[in-house]
Number of protein chains: 2
Amino acid sequence: MFVSSTLFDMPDPTNPPERERTWQAGPVRVRVTLPKARRGDRPEPKERLTTERIVDTAMALMAEKGYDAVSMRSLAKALDTGPASLYQHVANRDELDQLVIDRIARRLEIPEPDPDRWDEQLKDVLRQMRDLFRDHPGSARAAMAQIPTMEGTMRAAEGIMAICVAGGISPQAAAWMCDLASLYVSAVGYEEALWAQRQNSTPAGEEPDHEAIDAEMVALWNQLPPELFPLLTRYSPELTAGDGHDRFEFAADVLVAGLAAVSEKYR
Amino acid sequence: MFVSSTLFDMPDPTNPPERERTWQAGPVRVRVTLPKARRGDRPEPKERLTTERIVDTAMALMAEKGYDAVSMRSLAKALDTGPASLYQHVANRDELDQLVIDRIARRLEIPEPDPDRWDEQLKDVLRQMRDLFRDHPGSARAAMAQIPTMEGTMRAAEGIMAICVAGGISPQAAAWMCDLASLYVSAVGYEEALWAQRQNSTPAGEEPDHEAIDAEMVALWNQLPPELFPLLTRYSPELTAGDGHDRFEFAADVLVAGLAAVSEKYR
DNA sequence: CCTGGGTTCGAACGGCGTTCGTGAATGCGA
DNA sequence: TCGCATTCACGAACGCCGTTCGAACCCAGG
């Protein structure tokens, strides 16, 4: 009824150039089944499930409808199967999250360390991380919901370490900075995801709309009782000033300047 | 069968001295029913449900068994009632989280700002916040799962603002620091809670055991493939050095020094 | 052609947050 | 003191969730 299927190895399609080494997983086995044309009504032979396909679909679903829309059940439905099927390829929900954020973190581009521009480079990496979380809505939630232990996550640490050490930061300070930086960036991403989810429960895949979020925050601050919070009231322009971007730039500045300042203390 | 009950107003038992103003909630109405002695077998008249009692129980449950052990159902069972009853006093799970972390944040003690010691004072507040999260396991999880908008949370901001401004930090930098600082501290608390939960699923209310957590982290770093992560391997002593406390002190140093460094830039 | 190991997946388990509707308790005006 | 309107308590149910069980199925090696 169907031509016989072929089985062959194929490089990881995620990040083609990065093929030198397979630390995490073996080569991906993809099974392609060519259906005899025009046999349309007969239920097509389902494409084989693979961890790849599962992670792909999870990311697509998360990008489209947010983290909470990705459950083992909804994911299975998107793959046109039952929830139990997923467990053959993914240990549990936790591991799925790990795989997703690992795949995302792999996109991080670590610049060639330049001692003269280490501070700008470090900020760039932070911005990149923030952007990755933004480009994959929901991923920050997944990142916070787990302890970072996989390859993609480690690349970020390796990169930060490289830049800092090149910049003359003491190894101890640089090492702890990896922690601090990635924790901060994921927290920002997580918080943004929360706001985005709350304010609208974004129905039709519209992007998070950071402006509306900021506006809502301003409104909240402005109705504080002045007797209880004199300073918050007095400085409410400053407290509500700037959007997420401005605040992030400020934080990046603080982190980098602070690192430079305390580096020697932790030599 | 029972003597008639009396009804009277009572000050909020949470924080007796702070009575000057009731912004959030009205006076608490407590109804005390004295059962006729020795009528023991008859089911005692259940104490009335109040938001207070619910929050108290939620905090106790969280402290004993962690955030995940607190569900509307388990909470109801602990209060010897059904889940539906809670909704008479608490809008939903989100609001419960808000109430809990608000109650906790209220314990924060803001020092009288001293311009000469603003940096130490700021670090103290950060430490205090961290300790509050630690003293109430699971609360950091609740804090991250919501957008901070309530009284207790605002007190932290007010305090940080006061210290910074007294220390000569520009209002704009101080304002954004409130954001940055509380985001960082809750992220730390959240991560600690995750580790604690993962490694053992702490059965019998034993405290989180930060040492074991740190040990597990060291083990993880030490099995990285050196070819892929040369720097992480080379500097693994630094990367795994120090416990949660050391890292927190480092972060506090970075934040405070960084704030001082960039303050003028954001005037 | 058989057989056995891996894959698929419907069904079910126990838990979740939340809502509905009933019935009891309560406080108030008469 | 007595109705009565209102508030409160709460069992039951709805529709989710992550995960497991076990039967059916596919297919490579004998």
Side-chain angles (χ1 to χ4, degrees), chain A residues 1-8 26 29-33 43-54 58 61 65-98 141-142 145-146 197-198 201, chain B residues 1-9 26 29-33 35 43-54 57-58 61 65-98 141-142 145-146 197 201:
Chain A
M1 207 53 84
F2 300 100
V3 303
S4 76
S5 41
T6 57
L7 195 59
F8 57 92
R29 261 165 118 67
V30 177
R31 185 170 177 281
V32 176
T33 308
E44 299 193 4
K46 286 188 187 171
E47 196 174 350
R48 213 107 193 282
L49 272 183
T50 60
T51 309
E52 296 297 320
R53 281 218 307 145
I54 293 174
L61 210 54
K65 307 202 185 157
Y67 182 81
D68 285 331
V70 181
S71 67
M72 297 306 264
R73 298 174 120 90
S74 65
L75 183 51
K77 200 174 295 179
L79 285 160
D80 193 27
T81 180
S85 308
L86 305 179
Y87 286 84
Q88 200 63 225
H89 307 272
V90 165
N92 51 36
R93 179 66 212 260
D94 255 29
E95 190 181 293
L96 177 64
D97 281 346
Q98 288 237 30
R141 190 104 171 243
Q146 54 142 76
Q197 174 198 337
R198 173 110 18 152
S201 67
Chain B
M1 211 48 83
F2 300 101
V3 304
S4 75
S5 41
T6 58
L7 195 57
F8 56 92
D9 288 338
R29 261 165 120 65
V30 178
R31 184 169 177 281
V32 176
T33 309
E44 299 195 3
K46 285 190 190 173
E47 195 173 350
R48 213 113 194 281
L49 271 183
T50 60
T51 308
E52 296 297 319
R53 280 219 306 145
I54 292 175
T57 315
L61 211 52
K65 307 201 186 161
Y67 181 82
D68 286 331
V70 181
S71 67
M72 297 305 266
R73 297 172 122 92
S74 66
L75 184 51
K77 199 173 296 179
L79 284 159
D80 194 26
T81 180
S85 309
L86 305 180
Y87 287 84
Q88 200 65 224
H89 307 271
V90 164
N92 49 37
R93 178 66 212 259
D94 256 28
E95 190 180 292
L96 177 64
D97 281 347
Q98 290 237 30
R141 189 106 171 242
Q146 54 141 73
Q197 174 198 335
S201 68

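Both backbone and side-chain heavy atoms feed into the values below; hydrogens, waters and symmetry mates do not. Note on naming: letters A, B, ... go to the chains in the order of the sequence lines (proteins, then strands), and numbering restarts at 1 for each one. Because the structure is predicted, anything quoted here is derived from the model rather than measured.
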How long is the line joining [atom1] of [X] and [atom2] of [N], in whole Å?
X     : N      : atom1 : atom2 : value
B:H89 : D:dT7  : NE2   : C1'   : 10 Å
A:M72 : C:dC9  : CE    : P     : 15 Å
A:E95 : D:dG18 : CD    : P     : 15 Å
A:R93 : C:dG15 : CZ    : C1'   : 16 Å
B:N92 : C:dT18 : CG    : C1'   : 9 Å
A:Y87 : D:dG22 : OH    : P     : 17 Å
B:D94 : C:dT18 : CG    : P     : 7 Å
B:L86 : D:dC10 : CG    : P     : 10 Å

Check your understanding: Under 4.0 angstrom, heavy atoms only, what part of the nucleic acid is A:S85 near: base, sugar-phosphate, or nothing?
Key ->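 Counting heavy atoms under 4.0 Å across all strands, the contact made by A:S85 includes a base.
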
Reckon A:R73 touches a base, only the sugar-phosphate, or nothing at all at heavy-atom distances under 4.0 Å?
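Contact class for A:R73: base.
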
Q.
For B:H89, is there any backbone N or O sitting under 3.5 Å from a side-chain donor or acceptor partner on B:T51?
A.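 The answer is yes, because a donor-acceptor pair under 3.5 Å joins these two groups.
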
Check: Counting distance only, does the side-chain N/O of B:T81 pair as donor-acceptor with the main-chain N or O of B:A76 below 3.5 Å?
Finding: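 Pair absent, no side-chain N/O of B:T81 close to backbone of B:A76.
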
* Hey, could you give me the OH/CG distance between B:Y67 and B:D97, rounded to the nearest 0.5 Å? =>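 The CG atom of B:D97 is 3.5 Å from OH of B:Y67, to the nearest 0.5 Å.
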
- Task: Measure the spacing between CG of B:L61 and CD1 of B:I54 and express it to the nearest 0.5 Å.
- Result: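 It comes to 13.0 Å.
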
Tell me the closest heavy-atom pair linking A:V70 and A:R93, and the distance in Å.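 Shortest heavy-atom contact: O-NH1, 2.8 Å.
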
Ignoring backbone atoms, test whether [X] places a side-chain nitrogen or oxygen under 4.0 Å from the OP1 or OP2 oxygen of [N].
X     : N      : result
B:S71 : C:dG17 : yes
B:Q88 : D:dA9  : no
B:T81 : D:dA9  : no

Which one, C:dC20, D:dA9, C:dG10, comes nearest to the side chain of A:A84?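 Side chain of A:A84 sits closest to C:dG10.
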
